[in-house]
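What follows is a single structure, written as structure tokens, with notes after it.
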Amino acid sequence: MSGLGRAVARWTSLSLAARVATLSVLVIAAVIGVVLAIPGGRSSPPAPSPPVGAPPPSSPTQPGTPTSPLTGLPGQAGRILAVKIDNIVNARPQTGVNSADVVYAIEVEGGLSRFLAVYDANHLPPGDAIGPVRSARESDLPILQQYGKVDFVYSGALSRFLPVLAAANVFNCSPQQAGSFFRGQNNVPPYNEYTVPSGILRQFPDSAPAQDIGFRFGDAPAGGVPAASYAARMPAASFTFTWSAARGKYLVAMDGAPARSTDAGQMGAPTIVVQKVAETTSPRGFMDTPGELSPYAPTVGGGEAIVLRDGKAYDGTWSRPDAGSGTTFSYAGQRMNFHAGQVWIVLEPK
């Protein structure tokens, strides 16, 4: 009898149960063989995902990886765009603030506040709109000097201030020089003027790239005190920063209400700096309100600085020897590390 005949005879001699068991073993073996033969067919556990809302690492890059000097996040330095944004209650909620690298809050006439928001061209707001845009102030120019010659977007200025702006080391990008502005439909003038940042950067392509202005990023130093909430004030404006461990940032409230944006929810940042300045009045005698000298926030010199990060407050100092230099923030005699991400700087009168 041939080998095939003998195999058939053995098979037919098996009971039904034995035949079923044998077939099961053969099928399982065949399936395993197919899976192992497919490239990448071996299953492996997926890489763990970070918890939703977990804070980003304070030092997110490997040595040698390009990082932004303004946020400490990975990426090449792009050209800088600075925009003066209104912050009176009539102008809220604003658009595009959450996409800025650095947000300065500065006192203006009446003890109110406005923002000077600094953007890297590599990550503009997703809707390509920022505003409401308002007029430039004397305090803006010394702040911008440390960034190099950058595009400065504003809606206008006092007639006496215009020659100062024209002579300043900025590219003036007001509606008189640029066409990338529009009026929104959800508010009334002057609280509805917005800029298209990509258009500004096309029209003024020579703005300086982001450079070192003194920020350092990394792990938090030892020390600090728990700070679940911290308040900063101007004569007619207040800011409250409340730590959210789930979101890894301090959430912003202004004048007792959450500070919301039209495009990215509540404002907030992983690093908040309350830079105390010797607030004074306009060195040039400018008056944005008739009969009243405009406020001026000096950012050259030094003083106290409270840095908020990771739910703690660090009582340190700031120092800037001249307008061409960056600003050094220190704590306990060492450079103070910021958490990677957006940085808010509130110029609080001391």
Side-chain angles (χ1 to χ4, degrees), residues 70 82-88 91 94 97 100-119 134-147 150 152 154 157 161 168 170 213-215 230-241 250 252-255 259 267-269 271-284 286 288 292-309 313-331 336 338 342-350:
L70 304 183
V83 184
K84 197 62 184 279
I85 301 175
D86 203 354
N87 192 35
I88 195 171
Q94 295 94 334
V97 174
D101 286 23
V102 186
V103 178
Y104 295 90
I106 311 166
E107 183 184 344
V108 294
E109 62 277 6
L112 299 168
S113 68
R114 285 186 185 171
F115 295 140
L116 179 62
V118 178
Y119 298 82
R134 289 304 301 272
S135 52
R137 292 292 183 269
E138 202 171 357
S139 298
D140 302 330
L141 293 179
I143 293 171
L144 292 178
Q145 277 187 265
Q146 59 196 322
Y147 288 87
V150 300
F152 180 28
Y154 53 91
F161 188 34
V170 297
I213 62 164
F215 296 174
Y230 191 93
R233 292 178 175 82
M234 297 173 188
S238 67
F239 298 84
T240 303
F241 305 101
Y250 277 92
V252 182
M254 297 185 298
D255 303 324
M267 299 179 195
T271 302
I272 307 291
V273 181
V274 180
Q275 182 177 343
K276 297 182 181 292
V277 297
E279 192 82 19
T280 183
T281 54
S282 167
R284 295 179 175 88
F286 294 149
D288 289 281
E292 183 178 335
L293 289 172
S294 300
Y296 179 77
T299 50
V300 174
E304 184 183 4
I306 311 299
V307 178
L308 308 176
R309 59 164 294 176
Y314 297 84
D315 192 346
T317 61
W318 67 273
S319 175
R320 186 181 176 201
D322 55 69
S325 303
T327 306
T328 298
F329 295 94
S330 302
Y331 172 73
M336 177 66 200
F338 295 170
Q342 187 184 69
V343 176
W344 273 56
I345 299 178
V346 179
L347 301 179
E348 183 183 54
K350 64 181 181 180

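In this structure, I143 and L347 have side chains that are in contact, with non-hydrogen atoms separated by less than 4.5 Å. Two residues are said to be in side-chain contact when any heavy atoms from C-beta on lie closer than 4.5 Å; I306 and V273 fail this criterion. Side-chain contact between V307 and T271: present, with at least one pair of heavy atoms (C-beta onward) separated by less than 4.5 Å. Counting only heavy atoms from C-beta outward, the side chains of D101 and Y119 never approach each other to under 4.5 Å. Put simply, the side chain of V103 reaches to within 4.5 Å of the side chain of Q342, judged on heavy atoms. In this structure the side chain of Y296 never reaches within 4.5 angstrom of the side chain of T281, judged on heavy atoms. In this structure, the side chains of F215 and V102 come closer than 4.5 Å at one or more pairs of heavy atoms.
In this structure, the separation between CZ on F286 and CZ on F161 is 6.0 Å, given to the nearest 0.5 Å. Within the model, atoms CG of L112 and CE of M234 stand 10.0 Å from one another, a figure rounded to the nearest 0.5 Å. Here the straight-line distance linking atom CG of L116 with atom CD1 of I85 works out to 8.5 Å at 0.5 Å rounding.
Neither side chain, S294 nor R137, offers a donor N or O lying under 3.5 Å from an acceptor on the other. Judged by distance alone, the side chains of T317 and E304 never bring a donor and an acceptor atom under 3.5 Å apart. Between the side chains of R114 and S135, a donor-acceptor pair is found at a separation under 3.5 Å. Side-chain polar atoms of S113 and E107 form no donor-acceptor pair below 3.5 angstrom.
For the ring pair (Phe, Tyr, Trp, His ring centres under 6.0 Å) test, no residue two or more places apart in sequence or in another chain qualifies with Y104. Residues satisfying the ring pair (Phe, Tyr, Trp, His ring centres under 6.0 Å) criterion with Y147, sequence neighbours excluded, are absent altogether. In this structure, F241 has no ring pair (Phe, Tyr, Trp, His ring centres under 6.0 Å) partners at least two apart in sequence or on a different chain.
Scanning all heavy atoms of the two residues, the minimum distance from E348 to A232 falls at OE2-CA, 3.3 Å. Between K350 and A278, the shortest heavy-atom distance links the atoms CE-CB, 3.7 Å. Between A82 and L144, the closest heavy-atom pair is CB-CD2, 3.6 Å. Residues R233 and S238 approach most closely at CG-CB, 4.2 Å, considering heavy atoms. Between R320 and G326, the closest heavy-atom pair is CG-O, 3.4 Å.
Between F239 and F115, the ring planes are tilted. Angles from 30° to 60° get that label.
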Requested in this report: Evaluate the side chain to side chain contact (heavy atoms under 4.5 Å, CB included) criterion for residues L70 and V343: first the C-alpha distance (whole Å), next the side-chain angles of each, then the deciding distance (0.1 Å), finally the verdict.
Outcome: CA-CA 8 Å; L70 304 183; V343 176; over 6 Å; no
**Report entry** ring pair (Phe, Tyr, Trp, His ring centres under 6.0 Å) evaluation trace for Y230 with Y250
**Finding:** CA-CA 9 Å; Y230 191 93; Y250 277 92; 8.7 Å; no
Query - Steps toward side chain to side chain contact (heavy atoms under 4.5 Å, CB included) verdict (R309, Y314) - result: CA-CA 8 Å; R309 59 164 294 176; Y314 297 84; 3.8 Å; yes
Report task. For salt bridge (Lys or Arg N to Asp or Glu O under 4.0 Å), just list the numbers for E138 and R284, CA-CA rounded to whole Å, side-chain angles, deciding distance to a tenth of an Å, and then say yes or no. Result -> CA-CA 9 Å; E138 202 171 357; R284 295 179 175 88; 3.0 Å; yes
